[in-house]
Asker: 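Got a structure for you, questions after.
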There are 2 protein chains.
Amino acid sequence: MAPKRTTVRDLRRQNRSTLLSMLFFDGPLSRYELAGRSGLSAATVSTVTGEMVDEGLVVEAGSVDSDGGRPRVLLRVNPDFGHVIGVDVGETGIKVELFDLALTQLAALDHALSPSSPSAVASLIASSVRDVVDAAGVPASTVLGVGIGVPGTVEQGATAVVHAPTIGWDGVRLEELVADASESAWPLYVENGAKTQGQAEMWFGAGRGAKHVVIALIGSGVGAAVVTDGGVYRGATSSAGEWGHTTIVYGGRPCRCGALGCLEAYVGAEGILDRYRKARGRALTGVDEQSTVAALIEAAAGSKTAARVLEETAGYLGAGIANLVNLFNPERIVLGGWAGQALGAHQLDRIVAATRAHALRHPYEQISIELGHLGPDAVAVGAATLPVAALLDRAADPRKLAVRADIA
Amino acid sequence: MAPKRTTVRDLRRQNRSTLLSMLFFDGPLSRYELAGRSGLSAATVSTVTGEMVDEGLVVEAGSVDSDGGRPRVLLRVNPDFGHVIGVDVGETGIKVELFDLALTQLAALDHALSPSSPSAVASLIASSVRDVVDAAGVPASTVLGVGIGVPGTVEQGATAVVHAPTIGWDGVRLEELVADASESAWPLYVENGAKTQGQAEMWFGAGRGAKHVVIALIGSGVGAAVVTDGGVYRGATSSAGEWGHTTIVYGGRPCRCGALGCLEAYVGAEGILDRYRKARGRALTGVDEQSTVAALIEAAAGSKTAARVLEETAGYLGAGIANLVNLFNPERIVLGGWAGQALGAHQLDRIVAATRAHALRHPYEQISIELGHLGPDAVAVGAATLPVAALLDRAADPRKLAVRADIA
DNA sequence: TAGACTAATTTTAAGTCGCAAACTAAGGTC
DNA sequence: GACCTTAGTTTGCGACTTAAAATTAGTCTA
C-alpha cells in the first residue's frame, strides 16, 4: 500500500511544486507576488526559490518597478533547464518533437509507418528520439523525459500496457519495448493520444484556466479527454473517456467496435460519410476522409441531402455532448479533433442547440462550448507535457527517483 | 483563491486524519498496526494517538496477545465522542435519524409531508432534528452536525442551493432556511440524496474497499453516484452523475425532463410500466409504483408481454451501464434503488450480458456488477456520514472552524 | 549629492513536526 | 527470579514555516 504518511520533507516538496507551477503557468512573477498568491511567507518563498535558482531550475528575468521602493525581481522557469520530447504514435506514422521547458519546439521529425509489429514501432521510436536530439543539437543529458501518445487505451501500472485495436495492438508493453530499444534511460511516459491532446488544450488551448473540462475529440474515431479538478481523469485502469462507444441510439447503426448505436457510428467521420452515402445512394469522392468530409460540408450549401446529413450529425453530436454535460457537469466543453473542428466551424449553433435540448437545464447553464484551439498536431506537444508535469509535480528532476505513479 | 501553501501544522492534521480514518474504517487497531499501515513511525503514532485519546476522540478497547511480548492495546474511535444526524428529504416525507459515531442508530423520526414550501420543509427539518435529539436522550452539545439528503441537485458554495424539480424547488437556499429555523448552530451538510445513498453503499455496503465505483440508482427516477479515487464526484457545480437523463435512444420516448430518449424514460419505474401498458394495451394494477413493478416481475413467469418488457428493460439498462463503464472506467458497478434491486434480483444475468454487449472489452473486463446491499433507507445514514466525513477529514470537531469546502 | 523614504528580500530566532535511537512497560519462558 | 520478546514512550535532532528584525535597492527631496 502506498505510504499514507506525511513528513516534513513532503512540505518542502509540496511548496516547491506549488511555486514552480505558478512560475510555469503564470509567467514571470516576483517573489513578492509568489508569496501573495501562494499564501506562503516571504521568508519561505525566498528560501525555496533560492534553492531552485541554485539548481538552475529557475532564473531571474529582469525586474519591474514597484512604486517607490525596491524593484521586484521577476523569476521564471529556466526554459533551458532541460528538454522534453513528445512522440505521437498515429495510425499511419509517428511524429517526434523536441521542446525546451517553455514547450517551444526545437526540432521535429516525421516517419510514415505502415502497420508494423509493436517492437518495430518501438525501435523506430527509440531511434527517432535519438535523431531528434541530434537534430536539435542539445546534449542528451538535458533530456528530462519522453512522452508518448498512442491511439488506444493505456493501462498505467508498473509498466504501461497499450490496447490499440485500430493498429492491432492488444496488451503491448510499449514502455518496456521502447526502453529495451534505447540506449538512453530517459523516463518514458506513455499515454492515450486523446488524453495528451486534451492536456495540450488544457495547458495552451481552449481549456486554459478551467478546472472541469471535457475535450471532445472527433476524427475518424471519437473520444474524449475528461479533466476533473485540473487533472486528467483516468478511472480505475486509465481507459475512462471512451465517449465514442457510448450508446446513443439503442439498437442503431453497427459500430466497428462490434456494438450497435455507438456515438462514433453517427458522428465519427466514417459514420458521417456512410450516412451520406446511404442517404444519397452514392459516395462523395475525396483523396482521404478529411477532404471528403470537407467536401461534404461545402456541398451542404447546395445539396439538401448533404445539409440534412450534417444537420442530423449536429443533432447526434449535441445529444452526445449533453450526455457528457449531464454525467460530468463540466464548466467547459472543448470541441476538437479535425472533424470536430470542421463541424463546429459550420454548425456550432446547431450543435449547441441540440446540446441544450438534451441536457438538463442546470448543468447546461454552467457550460460554454468552444472550438479547440489546437489541431491533431497537438498530440505530440501534449505528450511532451507529461515529463514537464512530472517535473512540476516533484519540483525536481524527474530522472531521479522517477516515481511515476500519478502524473496528473 | 484557496491558500495553496502547506505548513508544518498541516502535517499533523493530515496524519491525525489518516490515523483516525484507519481506526474508523478498519476497526480497532493497535498503535503498532497503525504504524505499519500508515508508514508513520511508532513515535509519531504514539504522540498523535495520545493527543486524540486525551481529547476523547479515540478510546482504548482492550488488548490482544502478541506472541510472547507486551500485548497490543487496541484503539478505536470513541462512538460516544459525538452524535450525528441524517435527514432524508423525500418527495413524500422526511426521515430524521440520529446516530453515534459508529453510525449506530439511536433514534429515528418519520414525517409525512405533502408538497410544501421550502421554508415549511426547513421548519419541519429544524423541529424534527430537535425532536430526534430529545428522543435519543443525548445532550444537544454532542451533536457534531446534520447531514441532509435532498431529491435534486445541490450546488455547493458559500451556502448550499437546491434545485429539485420533482418537488418544485428551484434555487432553494435550504441550508440558510434550516439554519434560520433552528436555534442550534449545528453545522449543516446538504447533499443530493443519490450521492448520500451512494456514500452509504461505499461505507457500509457493496462499495466497500473499492476506489472507483458507480452506484446506479433506479427507482421512479434514475440517477447515479460516481465515486472516483474514493471520493464522491461532483463536477463543477455538483450536478454530475445525472445518468437518468443521458440519451440512450436518440429521438426516442419523451422523458419528464422534456427531452427525448432519456435512459430514465426506459428503465425508470414509470417508463417500464408505461412501456408495458403500451405493449399490452392495459395497465397493471398496484397500490403504488413499487408494488406494480413487483407485480410485473412476478407476471413475467406467465406473461410473454411482461417477460419481453423486462427483457428489453435489461437491454436498455445494460446499455446505460455500459455507457458508465466506457466513460468512467470504474472497478465496480453497484445496482441500487428499489427498482434496480428488484430488476437485478431477477435479471442480473441479462443486464450483465447487455452491458458486455455494449461496453468496450477492456474497461468491461475491469468491472464487477453487484446489487446494492442497502435500500433507499440508506439516504439518511448516508446523509449522516457527511458530518462524520468532516470529522475524519479534519480529525477535529467539525463544529469548530467549520470550513466545509471539500467534504469528499 | 546626501539623506529620507518606500517596498522587496533576506536573515534571525522561535516553535512545530516526524523520526531514529534509547528506554520503559508488560507479558511469557525456563 | 533471570531473561527474552514485543509494544509503546521519551529524547535529541534535523527539517520546515513563520513573524519580526535587518538589509537591500531603488526613488524622491532638499
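Naming convention: chains lettered A, B, ... in sequence-line order (proteins, then strands); numbering from 1 in each chain. All values derive from a computational prediction rather than experimental measurement.
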Asker: Is any side-chain N of the basic residue among A/R332 and A/E201 closer than 4.0 Å to the acidic one's carboxylate O?
Answerer: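 Salt bridge flag = no for A/E201 with A/R332.
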
Asker: Please determine if a side-chain N or O atom of B/R12 lies less than 4.0 Å away from the OP1 or OP2 oxygen of C/dT16.
Answerer: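 So the side chain of B/R12 is outside the cut-off, no N or O lying under 4.0 Å from OP1 or OP2 of C/dT16.
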
Asker: Starting the side chain at C-beta, find the nucleotide from C/dT10, C/dC17, C/dA20 nearest to B/R9.
Answerer: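 Taking heavy atoms from C-beta onward, the closest nucleotide is C/dC17.
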
Asker: What's the closest nucleotide to the B/A42 side chain, out of C/dC17, C/dT10, D/dT9?
Answerer: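 From the listed options, D/dT9 comes nearest.
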
Asker: Over all strands shown, is A/T6 touching base, sugar-phosphate only, or nothing at heavy-atom distances under 4.0 angstrom?
Answerer: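 The answer is sugar-phosphate, as A/T6 gets under 4.0 Å only of primed atoms, P, OP1 or OP2.
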
Asker: By nearest atom, which of the nucleotides C/dT9, C/dG18, D/dT18 is closest to the A/S41 side chain?
Answerer: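 Of the options given, the side chain of A/S41 lies nearest D/dT18.
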
Asker: Compare the minimum distances between each of C/dT9, C/dA20, C/dT16 and the side chain of B/A43, then state the nucleotide with the smallest one.
Answerer: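 Within the option list, the nearest is C/dA20.
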
Asker: Assuming nearest nucleotide by heavy-atom distance, tell me which of A/T44 and B/T47 is located more 5' along DNA chain D.
Answerer: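 This one resolves to B/T47.
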
Asker: How many Å lie between CG on B/L11 and P on D/dT18, as a whole number?
Answerer: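 Atom-to-atom, B/L11 to D/dT18, this comes out as 12 Å.
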
Asker: Check the distance between C/dT9's P and A/E33's CD and give it to me in whole angstrom.
Answerer: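 Rounded to whole Å, this separation is 8 Å.
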
Asker: Counting any heavy atom closer than 4.0 Å, what does A/T7 reach on the DNA or RNA strands: base, sugar-phosphate only, or nothing?
Answerer: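 Contact class for A/T7: sugar-phosphate only.
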
Asker: Minimum heavy-atom separation for B/R16 and B/A395, please, with both atom names.
Answerer: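 Looks like NH2-O, 2.7 Å.
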
Asker: Tell me: CG of A/L34 to P of C/dT9, nearest whole Å?
Answerer: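 In whole Å, C/dT9 P lies 9 Å from A/L34 CG.
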
Asker: Distance check needed: C/dG18 P versus B/Q14 CD, whole Å only.
Answerer: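 So the CD-P distance, B/Q14 to C/dG18, works out to 10 Å.
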
Asker: Starting at the 5' end of DNA chain D, which residue's closest nucleotide do you reach first, B/S30 or A/V48?
Answerer: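 Closer to the 5' end of DNA chain D: B/S30.
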
Asker: Check step by step if side chain to side chain donor-acceptor pair (under 3.5 Å) holds for B/R31 and B/T49.
Answerer: CA-CA 8 Å; B/R31 294 172 232 262; B/T49 55; 3.3 Å; yes

Asker: Looking at D/dC16, C/dG27, D/dG8, which one has an atom nearest to any side-chain atom of B/S46?
Answerer: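 Looking only at side-chain atoms, B/S46 lies closest to D/dG8.
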
Asker: What integer distance in Å separates B/R31:CZ from C/dA25:P?
Answerer: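 That distance rounds to 15 Å.
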
Asker: Rounding to a whole Å, what distance do you find between A/E60:CD and C/dT9:C1'?
Answerer: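 In whole Å, C/dT9 C1' and A/E60 CD are 11 Å from each other.
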
Asker: Using a cut-off of 4.0 Å on non-hydrogen atoms, how would the nucleic acid contact of A/V73 be classed: base, sugar-phosphate, or nothing?
Answerer: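 Sugar-phosphate, backbone atoms only, no base.
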
Asker: Would you state whether a donor and an acceptor, one from the side chain of A/R70 and one from the base of D/dA25, lie under 3.5 Å apart?
Answerer: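 For A/R70, whose side chain was compared with the base of D/dA25, there is no donor-acceptor pair (under 3.5 Å).
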
Asker: What's the CG-C1' distance between B/N15 and C/dG18, to the nearest Å?
Answerer: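 Value for this atom pair: 8 Å.
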
Asker: Heavy-atom count check: over 12 atoms from other residues, nucleotides or ligands less than 6.0 Å from B/F204 CZ?
Answerer: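 Buried by this count: over 12 neighbours within 6.0 Å.
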
Asker: Round to a whole Å and report the spacing from CZ of A/R72 to C1' of C/dT10.
Answerer: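 Interatomic distance, CZ of A/R72 to C1' of C/dT10: 17 Å.
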
Asker: Any donor-acceptor pair under 3.5 Å linking the side chain of A/S182 with the backbone of A/S184?
Answerer: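 It does not hold such a pair.
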
